[in-house]
Each structure stands twice: as structure tokens, then as C-alpha cells.
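Fair warning: this is a prediction, and the values are worked out from it, not measured in the lab. Atoms considered below: every heavy atom in the structure, side chains included; atoms not considered: hydrogens, waters and symmetry mates.
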Amino acid sequence: MEEKTIQIAGSITVDELSKALGLSVTELIGTLFKNGIVATINQRLDFETASIIIEELGLKNVKLERKNTSTRTSNLHRELSDKAVARPPVVAVMGHVDHGKTTLLDTLLHKKTVDDEAGGITQHISAYQLEHDGRLITFLDTPGHEAFAAIRQHGAMLTDIVVIVVAADDGVKPQTIEAINFAKSANAKIIVAINKIDREGADVQRTMADLSNNGLQPEEWGGDIIMVPISAKMNQNLDKLLDMILLTADIEELKADVNIPAEGLVIESHMEVGKGSVVNILITGGELKVGEFIVAGSTYGKVRTMLDYKGKPKGKATPSTPVTITGFKELPNFGDRFEEVKDEKTARKMALLNAQALANESADANVTSSDLLRMMNVADNTKTFNVIVKGDVLGSVTSVVDSLRLIDTKGEITLNIVSTGVGDINENDVYMAAGENTVIYGFNVSVPINISKMAARDHVPIRIYKVIYELLDDAKHEMENLLDAEIIEEDKGELKVLGVFRTEKTSIIAGGEVLTGDLKPGYLARVVRNKTYLGEVEVTSVQKEKIDVKELIAGETGGLALKTANKIDLEIGDRLKFFTRETKKRTL
């Protein structure tokens, strides 16, 4: 069979991949679903995911190649003009939880954020800037816990350089590999910071070998990956790390146009009392100024205020600069592209057109998990777990929802996301949940007293969490409660009926010989006559020589009292096949 080569530049949509493979979208989506990925036909897959799925499909004649897109012009892939100017590098800091990436940023920026995060875990993308040798560097601090994969991948897609932090005393871990894959799929340059070299047990060479085995070959060993041993806690070698970032930026010749309408990406968004929508954005081109109109997805607004990462007012923002703005009519979505327009009329029209396009796309192309279940001919007797998710920011909501969908329910429970939103739990949430056996999950939000009373009255459970591990554990427990218990039966023996002394509607007194195994009070038995099943009975007592005993064993004869749900006319020669039955609560 002729080999087929598919080139992927960073990522590919499910629709594009299905066409390239000559498969139906349904078959591809079904395979993704079986591998824990709930996808729509327009969802993008990175190179590694596409490779795994092709392997899963058994397509040995298909070869994937990374399409070279080495011209790092702009994250929005705009063709640069000859007037483009140098811009600061955008650097995402990634790595396994507890390997010290947030501590690294704290030390670089002379600030303390670890204690502010619930459980000491970074739970949002945060953007900062610092100056080194008279030049600016933009840093994105991305979450490390697996539940925040959506945010972390989003962070990688915004970046030019990914600094992967690996603890020298712990080595490569699952999220380290995930960060490597994200960086490669985003076509970003990789620098490794081998952290915690001050700790006992730290082994830089072993860590480098570990990284080499996972596709990152150190420069010292003839590869192309810069690796810098550091101690974030002791501020050791951090200047060298910054030097390497700037050197990489120089080699990449990072540029952006300034004399164009401003554009960029939404990093995060949430609502604040007295301010309305508060949106963190990263400028990728042009200059954004206070008072200008911008459009992001189906919403628009006029930039009312602009603050830098320290919270200080800023009049304008240039490429690679993160700022926080207010003025959007509604919250833009996590990851939306924004662009500056000339006036409010244009902004409103563009937002409306975008909203219509999204609605059409949703109606025509969006494949939900329920659709997938139908496509894959899964029995429709699955139970449904209804949830409403509220979070402090859109990124949190996205990650909570994505993580809930990844809980393996063995195909027996359908997760139904009734609604999602940003902000505190409100009346509408309780109204939607009432009568539908719906759990409301809040992440880093609060419940006003009147809403709490309303929920108690309507028997609506509200669960508020600050750490995502705990929220997911709760949801998993709730879903386990929906699972049917596992019935475990164990064969115990067989008896041949030698006499029937009394038969009533719900009881039988009989005698017989135990052929195999043993016989004890409490055992259940199936009554069989010439291979025909007659019914089920329960042994209530056992006698040997008219004395109650605890047990009869193979070869012994005795009497037994049986309890039945329906009358069974037991006869000599019938067989009783004894067994025990217990129910066991199942787990996910």
C-alpha cells in the first residue's frame, strides 16, 4: 500500500485530519472519544495527539511530518511589513507541579505569589514583564497541575520561547513531557531551566540524560537545546538564564508591526464589582491606546482603563506587552483574538457578524459528547450527571469543565454541563439546577447568604472549592454514586435432593446429600431439574441427624430449611447449586 504523508504545522483540525486520512469525521471523533478526548470537528489537535490517534486507528501507511514554519513573525501569523520593529520575546514558564516555576518568576520579579494561590498551585495564567540589560522580556506563568491543561496549552500558543523548569532532584515527570509537547506543537523555542541544584540529591547530568531520552538533546551533548542549571530559591544563575532568553530572541529575530490597528489575544477575563469586565490581553501587533474601540469574538468595547502587570495606569501598549483593560460590553472568551476598529458602529457590526458565524458553526458542526455516544452506538441507558460550573475567571471555568469531561465514567455516565459562567453563584443558577438533580460547582467564587438559603429550600447542592483537586474528587464521588453496584457471586457447592418433607408457599423442608463444596445457612441456591432452572431459594438452617449445625461438607447428608419468594414444588433428584452473592460499590 502506498505511504501517505501528512504535514502538520503546529496543529490540525479534526475535520482537516479526517479528510487527509480519508476517514469520516464520525469515525475520527469516535476514536478521539475512546481515548478520552471530547472533540468537535473544528477542534485543533497537536502533532503528538494526531500521531497517537493515527497509531490507534492502525494506519501504518500514514506518516506525519512537522511542517516547517520557522519564520516566527507573529502569533497571529500576520505577514510583516518592511517597517516591522524588534519586539520583546514572550516566554511561557512551564513544568511539573512543585518543580519551582512560580518560585523562579517570584525571584525574577521580586514578588511573592506562591502563598496567594490555593494549595500553592498556580491556577491562572499571569503575565509579567521585566527588564534585563536594558531590554524587556514578557513572562507567562502557566499552571502546572494536569487539570489546567487547557490553560497551559493556551499559554504555549501565545509564546515565542518556552522555559521548561525541571527539578534536578526529581527529573522528568508527566507534566514535563506535556510541556515539551505543547512547546513543540506551538513551534516555540525551548530552553530548559534545571532547577533546585542547591538541593541534596540534585543531579544535573542525570536530569540532562532524562531530558535527552525525552527528545531534548542538550547543546553540550551536540544537540540544540539550551539547558541552564539554576536555583530559583537561591537566585543562582538566573542572569545566565535571562541572557539565554535574549540570545534566543535575537536568533529568532522577533518582530512586529507597530503602525497598524492593534491586535492580540485574550489571556484571561472576569467580572469585578464597580469595574465590569476586566480583561487581561497580550498585544501582538500595533499600539493599543485608552479610548480605542476593540472587538473580540462576539463582544466589543471601548478601552476605558489600561493597567500594566503591576496595576499602574498605562496610556498605550505595544507588541508583546500584557495589560489589563476594562470597557468590554461582555466578557470575551478565553483565547479570543481581538482587534482595534475605527468606531463603535464598526465594532458593534463586527461583533454581531462574529456571533452569527459562531451560532452557525455551532448548529452545523459542533459535535457534543451526547452526539458522540449516539454515533458510537453506546446504549442509551446511561445515567446523567448534571452540573453547573461557575468560576472566578473564564480560564478556570474552561479547565474545570475540560477536567470533568476527562473523568473516565466507563461509558455508563453522561456528563451534562447545564451551564457555565463567571462570577458568584446567583438566583438563575439555582433556578436552572432546581428539580434537575444538578450540582452547582463554584471555583474561587462565593455564595451570597440569600442564594444559599434559596438553594437549601430547593434542595440544590452547591459545592465551593479553591483547589481543583478537591472539586474533581467531589465530582468523581458523585458520579460513582450513580454507578450500579457490582454484583459478585461465588459458587459454594451442590446438593442432590433425597427427600422433600414439607412444601409451603414461601418455605421448603428437604433433605439431601452434598455432592461438592459445602452447605451453610445464609447460602443462596438455584434449583435445577434436568438442566431446567426452576427458581432461587435461600438456606435458613442446616441439620445433621436432626441437630442444627453450621455446615455440611461434601459426602455428608442432612436436612435443610429453604426460604422462597415464590412457591417451588421441589422433587427428589433435583439439584441445588449453592452460591453467595454480594454487592460492591464501584469506583471510577
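Within the structure, salt bridge (Lys or Arg N to Asp or Glu O under 4.0 Å) contacts touching residues 219-242 (residues at least two apart or in different chains) do not occur. Screening residues 194-215 for salt bridge (Lys or Arg N to Asp or Glu O under 4.0 Å) gives D169-R199 as the qualifying pairs, with residues at least two apart or on separate chains. The salt bridge (Lys or Arg N to Asp or Glu O under 4.0 Å) contacts involving residues 279-288 comprise E287-K316, where partners must be two or more places apart or lie in separate chains.
Nearest heavy-atom pair across Y300 and V295 is CB-CG2, 4.1 Å. Across P319 and P88, no two heavy atoms sit closer than the pair O-CD, 3.6 Å. Taking both residues in full, the closest heavy atoms of V445 and K390 are given as CG2-O, 4.2 Å, listed atom of the first, atom of the second, then distance. The two residues F338 and I283 come nearest to each other via the heavy atoms CZ-CD1, 3.7 Å. Across every non-hydrogen atom of L140 and A127, the tightest pair is CD2-CB, 3.7 Å. Heavy-atom minimum distance, I197 versus A168: CG2-CB, 4.3 Å.
Residues L282 and V90 meet the side-chain proximity criterion, which asks for heavy atoms closer than 4.5 Å. Residues E292 and L288 are in side-chain contact: their nearest non-hydrogen atoms beyond the backbone lie under 4.5 Å apart. Side-chain contact between T305 and I325: absent, with no pair of heavy atoms (C-beta onward) separated by less than 4.5 Å. Taking 4.5 Å as the limit, some side-chain heavy atom of I417 sits within range of a side-chain heavy atom of R405. Using a 4.5 Å heavy-atom threshold, the side chains of V166 and V192 count as touching. Considering only heavy atoms from C-beta on, F443 comes within 4.5 Å of I468 through its side chain. A 4.5 Å side-chain heavy-atom check between I191 and I161 finds at least one atom pair inside the cut-off. In this structure, the side chains of Y309 and T324 stay at 4.5 Å or more apart for every pair of heavy atoms.
With values rounded to the nearest 0.5 angstrom, L136 atom CG is found 5.5 Å from E131 atom CD. Residue T248 holds its OG1 atom at 7.5 Å from CE of M244, rounded to the nearest 0.5 Å. Remark: E252 CD to L247 CG distance equals 10.5 Å, nearest 0.5 Å. Between the CD atom in Q236 and the CG atom in L241 there is a gap of 12.5 Å [rounded to 0.5 Å]. A distance of 8.5 Å separates CG in N214 from OG1 in T176, rounded to the nearest 0.5 Å. Rounding to the nearest 0.5 angstrom, the gap separating the CD1 atom in I226 from the NZ atom in K189 is 9.5 Å.
Looking at residues two or more places apart in sequence or on another chain, you find a side-chain contact (heavy atoms from CB on, under 4.5 Å) between S51 and F47, L64. By the salt bridge (Lys or Arg N to Asp or Glu O under 4.0 Å) test, E339 pairs with R337, sequence neighbours left out. With sequence neighbours left out, the side-chain contact (heavy atoms from CB on, under 4.5 Å) criterion links P332 to V266, S269, V279, A296, T299, F328, D336. For D424, the side chain to side chain donor-acceptor pair (under 3.5 Å) test picks out S446, with sequence neighbours left out. Taking K173 as the reference, D170 meet the salt bridge (Lys or Arg N to Asp or Glu O under 4.0 Å) condition, with sequence neighbours excluded. For L57, the side-chain contact (heavy atoms from CB on, under 4.5 Å) partners at least two apart in sequence or on another chain are L21, L23, E27, L28, T31, I53, L59. Not a single salt bridge (Lys or Arg N to Asp or Glu O under 4.0 Å) links D308 to another residue, sequence neighbours left out. For A84, the side-chain contact (heavy atoms from CB on, under 4.5 Å) test picks out L80, K255, D257, with sequence neighbours left out. Looking at residues two or more places apart in sequence or on another chain, you find a salt bridge (Lys or Arg N to Asp or Glu O under 4.0 Å) between R135 and D250.
In this structure, R304 contributes its side chain and K275 its backbone to a donor-acceptor pair below 3.5 Å. Distance alone, capped at 3.5 Å, places no donor-acceptor pair between the T346 side chain and the K342 backbone. S396 contributes no side-chain N or O that, together with a main-chain N or O of D392, makes up a donor-acceptor pair within less than 3.5 Å. A donor-acceptor pair under 3.5 Å is absent between the side-chain atoms of S212 and the main chain of M208, judged by distance alone. Under a 3.5 Å cut-off, the side chain of E272 and the backbone N or O of V278 do not form any donor-acceptor pair. T159 places no side-chain N or O within 3.5 Å of a backbone atom of V162 that could act as its donor or acceptor partner. A distance-only check finds a donor-acceptor pair linking the side chain of H99 to the backbone of A167 [under 3.5 Å]. Judged by distance alone, with hydrogens and angles left aside, the side-chain atoms of D429 form a donor-acceptor pair with the main-chain N or O of N426 at under 3.5 Å.
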*Please report the C-alpha distance between I137 and Q129 in whole Å, then the side-chain angles of each, then the deciding distance to 0.1 Å, and finally whether the side chain to side chain contact (heavy atoms under 4.5 Å, CB included) criterion is met.*
CA-CA 6 Å; I137 302 173; Q129 272 194 323; over 6 Å; no

*side chain to side chain contact (heavy atoms under 4.5 Å, CB included) between I164 and L211, worked out*: CA-CA 11 Å; I164 298 175; L211 288 160; 5.6 Å; no

*Could you check R463 against E478 for salt bridge (Lys or Arg N to Asp or Glu O under 4.0 Å), going step by step and ending with a plain yes or no?*
CA-CA 12 Å; R463 316 275 169 76; E478 287 289 334; 3.1 Å; yes

*Can Y465 and N444 be said to form a side-chain hydrogen bond (donor to acceptor under 3.5 Å, both in side chains), step by step?*
CA-CA 6 Å; Y465 292 97; N444 281 331; over 6 Å; no

*Might you work through the side chain to side chain contact (heavy atoms under 4.5 Å, CB included) test for D243 and D133, ending with a clear yes or no?*
CA-CA 9 Å; D243 288 340; D133 286 348; 3.6 Å; yes

*Under the side chain to side chain contact (heavy atoms under 4.5 Å, CB included) rule, what do I464 and I425 come out as? Steps first, then yes or no, please.*
CA-CA 10 Å; I464 304 297; I425 311 299; 4.1 Å; yes

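A salt bridge does not link E340 to K289: none of the charged side-chain nitrogens sits closer than 4.0 Å to a carboxylate oxygen.
Of the candidates L415, I440, V400, V387 forms a side-chain contact (heavy atoms from CB on, under 4.5 Å) with just one, namely L415.
Using a 3.5 Å distance cut-off with no hydrogens or angles, the side chains of H270 and N280 do not pair a donor with an acceptor. Checking S298 against N354 by side-chain atom types alone, no donor-acceptor pair falls below 3.5 Å.
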